[in-house]
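What follows is a short report on a single structure.
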Amino acid sequence: MRFETRAIHDGSDPDPTTGAVIPPVYLTSTYVQEEVGAHKGYEYSRTANPTRVALETALASLEGGPRAVAFSSGMAAETAVLLLLQPGDRLLLSNDVYGGTYRLAVQVLEPWGLNVATCDMSDLAALEDALSSQHTEMLWIETPTNPLLRIVDLKAACEMASEAGAAVVVDNTFATPFLQRPLEWGADIVVHSTTKYLGGHSDVVGGAAVVHESEEPLAERLGFFQNAMGGVPGPLDCFLVHRGLKTLAVRMARHCSNAEVVARYLERRDDVVEVLYPGLGSHAGHEMAARQMDGFGGMVSFRPDGGPERAAQVAARTRLFSLAESLGGVESLIEVPAAMTHQSVAGTELAVPDDLIRLSVGLEAADDLVDDLAQALDA
Ligand SMILES: *Cc1c(COP(=O)(O)O)cnc(C)c1O
């Protein structure tokens, strides 16, 4: 079956006892046993819950892996994946990785014994250097990156990592499996903040990891971590993310077309210094994105002229674009990363230009979004 069909049906069999088309949300912590050890596969909801299993089934299907493991947030999923490493192991991060990932690696796991390095992975020569300078156990890729929307060549990066004996993790939050399936390019593990496009409605926080079929022991280990470390999502959260998945295909198609309209409008304005959108011919990663993605996504970054003060003014003046962190919901959001989402990386190599504005382009009418940006820029 194709993506759109699997998104709706996988993990969503009608309830056998009542015929309910939508399986019930199993709000239960425990399960009755007929005699000691005789149960229906469920003993305790940290270990397994039917609503979570349904979500994991759908996520695995969409990313193309045999197994997905759901967590209570993207960061909980990342923590579990990073703890596959041992003290002394080297983790190589892209140099504009999600700020929370950098913070976790440097402020939590480096003191614990991890050896953390960064490099610009959109530059394959720099990646080759970083991999050959020291043995690396894990390569952590984001593409498109946040908020600069750089594109990393997944196939080449996975080949280099495989030659160097490093496992590859791809944070696929920005692209979603509708636009990009890293396991097909050779990644070992895909991680998600399901809080963003997969949930899609800004009403739930969640995360997940999906493992390649050739890495079954890693999947086993992550499943063990889910229960042993306990960062599990509640049943209602699982239901919300799963419901979001069912409309992912139609939502992403509109996120992409709206973002393109917005990016082209911004590109036409004289008072905008730079527009970053992988769908624009002017974008350094445009051709690579066209090769490895099925669309260019819903995120657009731009720099108005006038410096950080003007950027802050524009972000405060939009009416339809809400000034807020996060992304991937049906409603459009605007933010200034240097002062908001990326404040924790100020002064580090991950710092972003202070006049950069990031848009999460939602599903409103594209013309209304353009009108809103026009009035905010003209004010
Ligand atoms: C939001 C985000 C995360 C963290 O996920 P949470 O659900 O907020 O814990 C990780 N990676 C990327 C790319 C994100 O956008």
Side-chain angles (χ1 to χ4, degrees), residues 55 59 63 68-83 91 93-109 118 121-122 138-152 154 169-180 182 187 189-210 226 229-234 237-238 240-241 244-245 252 255 259 276 278 293 297-301 324-329 333-335 337 340-345 350 352 356 358-362:
L55 168 64
L59 283 169
E63 280 292 358
V69 188
F71 291 91
S72 56
S73 69
M75 293 319 302
E78 295 194 9
T79 302
V81 169
L82 287 170
L83 287 175
L91 168 71
L93 298 171
S94 60
N95 70 349
D96 59 349
V97 76
Y98 176 72
T101 305
Y102 184 77
R103 181 174 55 193
L104 172 64
V106 170
Q107 295 191 37
V108 180
L109 293 170
T118 61
M121 294 184 191
S122 62
M138 186 182 280
L139 186 66
W140 191 284
I141 303 176
E142 249 182 76
T143 181
T145 65
N146 172 28
L148 297 173
L149 303 171
R150 291 199 187 115
I151 303 296
V152 178
L154 283 173
V169 178
V170 177
D171 183 336
N172 205 28
T173 299
F174 266 42
T176 82
F178 182 66
L179 300 179
Q180 171 175 281
I189 300 176
V190 167
V191 295
H192 275 285
S193 168
T194 57
T195 312
K196 315 296 168 51
Y197 288 107
L198 300 188
H201 296 74
S202 305
D203 53 9
V204 61
V205 170
V210 189
Q226 182 190 43
M229 306 197 309
V232 293
D237 290 353
C238 291
L240 286 171
V241 174
L245 290 182
M252 288 316 292
H255 279 298
L276 299 173
M293 300 175 75
M299 301 301 293
V300 177
S301 293
E325 301 192 358
S326 199
L327 59 111
L333 302 178
I334 189 167
E335 67 129 357
M340 297 171 65
T341 48
H342 286 60
Q343 210 175 20
S344 72
V345 294
L350 273 79
V352 295
L356 190 80
R358 187 188 79 179
L359 303 175
S360 172
V361 180

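Just so you know, ligand 1 is whichever comes first in the structure, and atom 1 is the first atom listed for that ligand. Below, each value reflects all heavy atoms present in this structure, side chains not excepted, and no hydrogens, waters or symmetry copies. Keep in mind that what you see is a predicted model, and the values were worked out from it rather than measured.
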What are the atoms of ligand 1, with element, lying closer than 4.0 Å to any heavy atom of S73?
-> 7 (O), 9 (O)

Which atoms from ligand 1 have a heavy atom of E78 less than 4.0 Å away?
-> 10 (C), 11 (N)

Around atom 13 (C) of ligand 1, find the nearest protein heavy atom and jot down its residue, atom name and distance.
-> D171 OD2, 3.3 Å

Is the backbone of G328 close enough, under 3.5 Å, to the side chain of S360 for a donor and an acceptor to pair up by distance?
-> yes

Distance from M229 atom CE to F71 atom CZ, nearest 0.5 Å?
-> 6.0 Å

Return yes or no for this condition: an N or O of T101 is under 3.5 Å from an N or O of ligand 1.
-> no

Which residue holds the protein heavy atom closest to atom 1 (C) of ligand 1, what is that atom called, and what is the gap in Å?
-> K196 NZ, 1.4 Å

Hey, what do you get for OG (S94) to CG (D171), rounding to the nearest 0.5 Å?
-> 9.0 Å

Output the list of atoms in ligand 1 that are nearer than 4.0 Å to some heavy atom of S193, sorted by atom number.
-> 1 (C), 2 (C), 3 (C), 4 (C), 5 (O), 6 (P), 7 (O)

From CD (E78) to NE2 (H192), nearest 0.5 Å | 11.5 Å

Is the shortest N/O to N/O distance between E142 and ligand 1 below 3.5 Å?
-> no

Flag F174 as yes when one of its N or O atoms lies below 3.5 Å from any N or O atom of ligand 1, and as no otherwise.
-> no

Would you say N146 has any N or O atom under 3.5 Å from an N or O of ligand 1, going by distance alone?
-> no

Measure the OG1-OH distance between T173 and Y98 for me, rounded to the nearest 0.5 Å.
-> 9.0 Å

Spatial distance of atom NZ (K196) from atom CG (N146) [nearest 0.5 Å] | 7.5 Å

So is G206 close enough to ligand 1, meaning a heavy atom under 4.0 angstrom away?
-> yes

Min N/O separation G74 to ligand 1 under 3.5 Å = yes

The closest protein heavy-atom partner of atom 3 (C) of ligand 1 is Y98 CE2, 3.4 Å

Distance, nearest 0.5 Å, that separates CG of L139 from CG of L93 = 9.0 Å

S326 versus R358, closest heavy-atom pair with distance | O-NH2, 3.1 Å

